[in-house]
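Below is one structure, written out as structure tokens; the observations come after it.
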Amino acid sequence: MDADLRPSRPEASLGDLTREATEHMSTLMRDEIALAKSELREDVQDAVAGISLFSAAGVMALIAILLLSMAAGFGVGRAVGEGWQWLGFAAVGVLYLVIAGIAALMGRKKAQEIPPPAPRTTRQARETVQAAKEIKL
């Protein structure tokens, strides 16, 4: 028995093979992009859900701080004596100002430790300005 080893289609030219390979590559790239978009969309949805939950927690914490501050103000005022509620609220306010001052000092210290942005770009810009000055002379 003689087996037919020839391809089922007539031999294609190099141009046809190149066109076919390009079409397959194009389809593959489109499918890869579609997959990446789908995965990214899911990741963004998860991130938005997480951010929403953190936002809700922050709002609830703020409300709790306000209520606890009022309770502390009334408590200190009652401990001092009748009619001195304002003193309790003033004491709580001063405490918050002290905490805010400490946080500001710590933030300032951290901000001073931050290196200048893009040191290579800054250096290159200075060199460019210097070169421009030299050319003008």
Side-chain angles (χ1 to χ4, degrees):
M1 292 183 105
D2 289 318
D4 189 9
L5 299 176
R6 290 180 286 158
S8 60
R9 63 180 186 168
E11 285 191 30
S13 69
L14 182 60
D16 291 338
L17 293 174
T18 303
R19 181 180 43 77
E20 187 176 327
T22 304
E23 288 174 3
H24 288 302
M25 186 63 92
S26 176
T27 302
L28 178 64
M29 292 301 292
R30 271 189 258 119
D31 290 346
E32 288 290 329
I33 290 171
L35 177 62
K37 283 182 182 179
S38 173
E39 289 176 345
L40 186 60
R41 187 176 301 118
E42 291 174 9
D43 291 344
V44 168
Q45 288 173 347
D46 290 342
V48 167
I51 290 170
S52 299
L53 292 172
F54 273 120
S55 299
V59 169
M60 292 298 141
L62 181 62
I63 291 170
I65 288 171
L66 292 173
L67 292 173
L68 291 171
S69 297
M70 289 179 63
F74 281 121
V76 171
R78 178 162 266 176
V80 171
E82 192 65 32
W84 290 88
Q85 250 95 55
W86 64 270
L87 184 61
F89 286 101
V92 172
V94 168
L95 175 67
Y96 283 149
L97 285 176
V98 169
I99 292 170
I102 292 170
L105 290 174
M106 291 172 60
R108 181 177 177 213
K109 182 180 176 186
K110 285 287 187 187
Q112 289 173 344
E113 294 173 359
I114 298 172
R120 290 188 303 190
T121 303
T122 304
R123 186 185 73 238
Q124 184 64 38
R126 286 186 188 134
E127 291 174 1
T128 302
V129 168
Q130 185 63 32
K133 286 180 181 178
E134 290 174 2
I135 291 173
K136 243 183 175 179
L137 295 175

Would you list the atom pairs, donor with acceptor, under 3.5 Å between side chains in residues 75-83 and any protein atom, with sequence neighbours excluded?
none

Identify every side-chain donor-acceptor pair in residues 28-46 under 3.5 Å, counting partners at least two apart or on other chains, and give the distances.
from: R30; atom 1: NH2; to: S26; atom 2: OG; distance (Å): 3.0

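Pairs passing the side-chain hydrogen bond (donor to acceptor under 3.5 Å, both in side chains) check and including a residue from residues 50-71, sequence neighbours excluded, read S69-Y96. Residue pairs meeting the side-chain hydrogen bond (donor to acceptor under 3.5 Å, both in side chains) criterion with at least one partner in residues 99-114, sequence neighbours excluded, do not occur; the list is empty. Applying the ring pair (Phe, Tyr, Trp, His ring centres under 6.0 Å) rule to pairs touching residues 32-81 yields F74-F89, sequence neighbours excluded.
Under a 4.5 Å side-chain heavy-atom cut-off, the cluster of Ile, Leu, Val, Met, Phe, Trp and Tyr residues that includes L14 has no other member.
With rounding to the nearest 0.5 angstrom, the CE atom of M25 is 13.0 Å from the CD atom of E20.
Scored by the side chain to side chain contact (heavy atoms under 4.5 Å, CB included) test, I63 finds V59, L67 as partners (sequence neighbours excluded). Partners of I102 under the side chain to side chain contact (heavy atoms under 4.5 Å, CB included) rule, at least two apart in sequence or in another chain, are V98, M106. In this view, S13 and D16 satisfy the side chain to side chain donor-acceptor pair (under 3.5 Å) rule, not counting sequence neighbours.
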